Undergrad: 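Can you read through this structure? Questions will come right after.
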Amino acid sequence: MRLPLRHPPPSAPSPRQRCEHLALLAEAARGLPLGPAARALSGARGRGRHGNALQWHLGLEPHDSVPEPDWEGRIEIKLISVWQLADGRLGCDRIKVCEVGVDPWHKLSNVLFVFADRLTRVVLGHRFFHLGAASLDALARSWTLDPHFGRPDLMVESREGPEGMSPAYYLSRRWLSQEGLLPTEPVRFGYRFDANWWRSVRAEFAGRDPLLTLARVDHGEQAPCPRCRGTLRADLSRVFEVGWAPATHAMPLGERCALRGHALIDPRRLPEPAACSDEEQFLAVEGALPEHRIWRLADRVREPEDHGH
DNA sequence: AACCTACCGTCTTACTTTGG
DNA sequence: CCAAAGTAAGACGGTAGGTT
């Protein structure tokens with residue numbers, strides 16, 4: 001159920017906040033796979049696991065329970081899952097801003113949006129956002145629009161009924177593109193996301209996500225499994241046309257590969273990693289990176305003398 | 001009929017506060 | 001002092017309905 005906004009927009013924008021250290025970290029995050037840290041941190045459960053993994057990689061606590069912006073109380077960090085639409089443009093879902101008791105205008109004053117591919121959980125890129133005069137003006141229209149029929153970009157939603165979960169502020173899916181934060185042209189990187197296939201695989205294998213394997217051109221239809229001694233077979237023309245295809249795992253079936261769905265993906269759609277080797281990126285995407293080899297982005301980025309505040 | 005996208009109601013974890 | 005309850009963070013997961 002959609003409710004009226006609780007917080008009126010501020011009359012003037014807050015100042016822009018910068019941090020050179022965070023800018024370097026964000027740059028280094030390109031090509032970073034979030035899966036291994038997400039699994040190591042919280043046992044691969046919870047819908048915020050990849051956001052927690054990102055915060056850990058940036059050198060923060062993976063969880064906080066304060067309604068202040070994540071980075072030094074000045075810049076909010078948001079992970080946005082994206083995927084390719086049929087025409088090659090990037091799509092995304094609406095974004096949860098904060099609980100309804102928290103001021104969303106403050107949260108949105110300065111944001112680092114990090115975009116990660118929904119299938120592979122690899123970071124594709126990022127944008128810094130400041131809610132300046134023009135953006136504030138546009139978003140403040142949500143305060144006067146009808147929650148249902150006015151199609152506001154900022155909204156409050158909650159479950160119906162007295163036992164409903166606590167309502168929260170959301171940004172519409174349109175908003176990121178309108179603000180120029182998501183490209184509106186087709187892109188090279190990222191994958192289609194087939195929610196029906198994903199759901200049916202998870203249903204078949206007790207809620208476990210499918211495992212991905214990179215298709216090497218020289219392997220042909222039978223790709224050796226990187227996790228065990230088995231082989232994977234998939235429709236390779238589909239892999240290289242669409243980006244990925246469901247795969248069947250032939251015996252022998254290693255421990256990690258049993259009771260899991262499988263897909264073969266085209267590695268050319270992964271951005272070149274900025275802070276790890278190709279091998280580290282590939283192993284991570286394939287779920288074959290041993291826990292002791294998980295590395296933290298913050299440990300590989302030099303903290304600058306001047307944060308430029 | 002198959003496929004695709006938009007919609008929207010949760011699901012899980014961790015820290016903080018309160019009560020016995 | 002310890003357990004339970006409360007609160008906020010973190011987007012995800014499943015499906016209805018539109019399109020081809």
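Side chains are part of it too, since the values below use all heavy atoms of this structure and drop only hydrogens, waters and symmetry mates. Just so it is clear, the model here is predicted, and its values are computed rather than measured.
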Undergrad: Run the numbers on A:D70 and A:L112 for side chain to side chain contact (heavy atoms under 4.5 Å, CB included), then give the verdict.
TA: CA-CA 10 Å; A:D70 308 292; A:L112 167 62; over 6 Å; no
Undergrad: Taking atom P of B:dA14 as reference, at what distance in whole Å does atom CG of A:L60 sit?
TA: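 To the nearest whole Å, that distance equals 16 Å.
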Undergrad: Considering only heavy atoms, which members of residues 138-145 of chain A lie under 4.0 Å from some atom of DNA chain C?
TA: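 Contacting residues: none.
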Undergrad: Applying the ring-ring contact (aromatic ring centres under 6.0 Å, His included) criterion to A:H7, which one of A:W143, A:Y169, A:W105 satisfies it?
TA: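 Answer to the ring-ring contact (aromatic ring centres under 6.0 Å, His included) test with A:H7 among A:W143, A:Y169, A:W105: A:Y169.
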Undergrad: Please give, in whole Å, the distance from B:dA6 P to A:D153 CG?
TA: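 So the CG-P distance, A:D153 to B:dA6, works out to 15 Å.
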Undergrad: Which residues within residues 172-193 of chain A lie with some heavy atom under 4.0 Å of an atom in DNA chain C?
TA: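 The stretch gives none, as no residue of it lies under 4.0 Å from the strand.
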Undergrad: Only one of A:T213, A:L214, A:V285 forms a side chain to side chain contact (heavy atoms under 4.5 Å, CB included) with A:P226, so which one is it?
TA: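 That would be A:T213.
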Undergrad: Look at atom CZ of A:R6 and say whether more than 12 heavy atoms of other residues, nucleotides or ligands are closer to it than 6.0 Å.
TA: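 It does not: A:R6 CZ has 12 such atoms or fewer within range.
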Undergrad: What pairs of residues pass the side chain to side chain donor-acceptor pair (under 3.5 Å) test when at least one of them lies in residues 237-266 of chain A, not counting sequence neighbours?
TA: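 Residue pairs with at least one partner in residues 237-266 of chain A: A:D235-A:S237, A:D266-A:R268.
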Undergrad: Under a 3.5 Å threshold, yes or no: a donor from one side chain and an acceptor from the other, between A:S109 and A:Q17?
TA: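 A:S109 vs A:Q17: no donor-acceptor pair found between side chains.
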Undergrad: For a 4.0 angstrom threshold against heavy atoms of chain A, report the outermost contacting nucleotides of DNA chain C in 5' to 3' order.
TA: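 Going 5' to 3' along DNA chain C, contacts run C:dA8 to C:dT15.
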Undergrad: Nearest heavy atom decides the nucleotide; on that basis, is A:E99 or A:D209 closer to the 5' end of DNA chain C?
TA: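 It is A:E99 whose nearest nucleotide is closer to the 5' end.
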Undergrad: Please give, in whole Å, the distance from B:dC4 C1' to A:Q84 CD?
TA: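 Rounded to the whole Å, the gap is 14 Å.
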Undergrad: Kindly indicate, with the supporting measurements, whether the criterion side chain to side chain contact (heavy atoms under 4.5 Å, CB included) is fulfilled by A:D93 and A:Y170.
TA: CA-CA 10 Å; A:D93 201 354; A:Y170 295 91; over 6 Å; no
Undergrad: Within this structure, what is the CZ-to-P distance between A:R39 and B:dT13, rounded to whole angstrom?
TA: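 It is 16 Å, rounded to the nearest whole Å.
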Undergrad: Is the distance between the ring centroids of A:F128 and A:H130 under 6.0 Å?
TA: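 So the answer is no for these two rings.
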Undergrad: Below 4.5 Å, heavy atoms only, C-beta onward: do A:S135 and A:E179 meet side chain to side chain?
TA: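 They are in contact (side-chain heavy atoms under 4.5 Å apart), so the answer is yes.
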Undergrad: Which part of the nucleic acid, if any, lies within contact of A:I95, taking any heavy atom under 4.0 Å across all strands shown: a base, the sugar-phosphate backbone alone, or nothing?
TA: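 A:I95: no heavy atom of the nucleic acid under 4.0 Å.
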Undergrad: Nearest whole angstrom, please: distance from the P of B:dC3 to the CG of A:D87.
TA: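 These atoms are roughly 18 Å apart.
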Undergrad: I need the CG-P distance between A:L41 and B:dT12, as an integer number of Å.
TA: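 It is 18 Å, rounded to the nearest whole Å.
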Undergrad: Given A:W71, which of A:H21, A:H309, A:H307 fulfils the ring-ring contact (aromatic ring centres under 6.0 Å, His included) condition?
TA: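 The ring-ring contact (aromatic ring centres under 6.0 Å, His included) with A:W71 is passed solely by A:H21 among A:H21, A:H309, A:H307.
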Undergrad: Would you say that more than 12 heavy atoms from the other residues, nucleotides or ligands in this model lie under 6.0 Å from the CD of A:E61, or not?
TA: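 Count not over threshold, so no.
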Undergrad: CZ of A:R74: more than 12 outside heavy atoms within 6.0 angstrom?
TA: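 Above 12, so yes.
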Undergrad: Would you indicate what A:R94 reaches in the nucleic acid, counting non-hydrogen atoms under 4.0 angstrom: base, sugar-phosphate, or nothing?
TA: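 It contacts base atoms.
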Undergrad: Mind calculating the distance between CG (A:D93) and C1' (B:dC4) to the nearest angstrom?
TA: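 Atom CG in A:D93 sits about 15 Å away from atom C1' in B:dC4.
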Undergrad: Does A:I80 reach a base, just sugar-phosphate, or nothing at all? Heavy atoms under 4.0 Å.
TA: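 Nothing: the residue A:I80, judged by heavy atoms under 4.0 Å, touches no strand.
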Undergrad: Scan residues 190-208 of chain A for pairs that pass side chain to side chain donor-acceptor pair (under 3.5 Å), counting only residues two or more places apart or in two chains.
TA: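 Those involving residues 190-208 of chain A are A:R202-A:D209.
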Undergrad: Quick one: label A:E76 by what it contacts on the DNA or RNA (base, sugar-phosphate, nothing), any heavy atom closer than 4.0 Å.
TA: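 Sugar-phosphate only.
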Undergrad: In whole angstroms, how far is the C1' atom of B:dA14 from the CD atom of A:Q55?
TA: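 Atom CD in A:Q55 sits about 13 Å away from atom C1' in B:dA14.
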Undergrad: With sugar-phosphate meaning primed atoms plus P, OP1 and OP2, does A:A86 contact a base, only sugar-phosphate, or nothing at under 4.0 Å between heavy atoms?
TA: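 Sugar-phosphate only.
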Undergrad: Which part of the nucleic acid does A:E61 contact within heavy-atom distance under 4.0 Å: base, sugar-phosphate only, or nothing?
TA: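 No contact at all - A:E61 keeps every heavy atom at 4.0 Å or more from the nucleic acid.
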Undergrad: Contact class for A:D194 (heavy atom, under 4.0 Å): base, sugar-phosphate, or nothing?
TA: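 Contact class for A:D194: none.
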Undergrad: Contact between A:W295 and A:L32 at the side-chain level, heavy atoms closer than 4.5 Å - yes or no?
TA: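 Answer yes - side chains close enough.
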Undergrad: Just to be sure I understand the rule, does A:R89 reach a base, reach only the sugar-phosphate, or reach nothing, if contact means heavy atoms closer than 4.0 Å?
TA: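 No contact at all - A:R89 keeps every heavy atom at 4.0 Å or more from the nucleic acid.
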Undergrad: Would you mind checking if A:R94 and A:E157 are paired as a salt bridge, meaning a charged N to carboxylate O distance below 4.0 Å?
TA: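 Judged by the 4.0 Å cut-off on N to carboxylate O distance, A:E157 and A:R94 do form a salt bridge.
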Undergrad: Please produce a list of atom pairs where a protein N or O lies less than 3.5 Å from an N or O of nucleotides 16-18 of chain B.
TA:
none

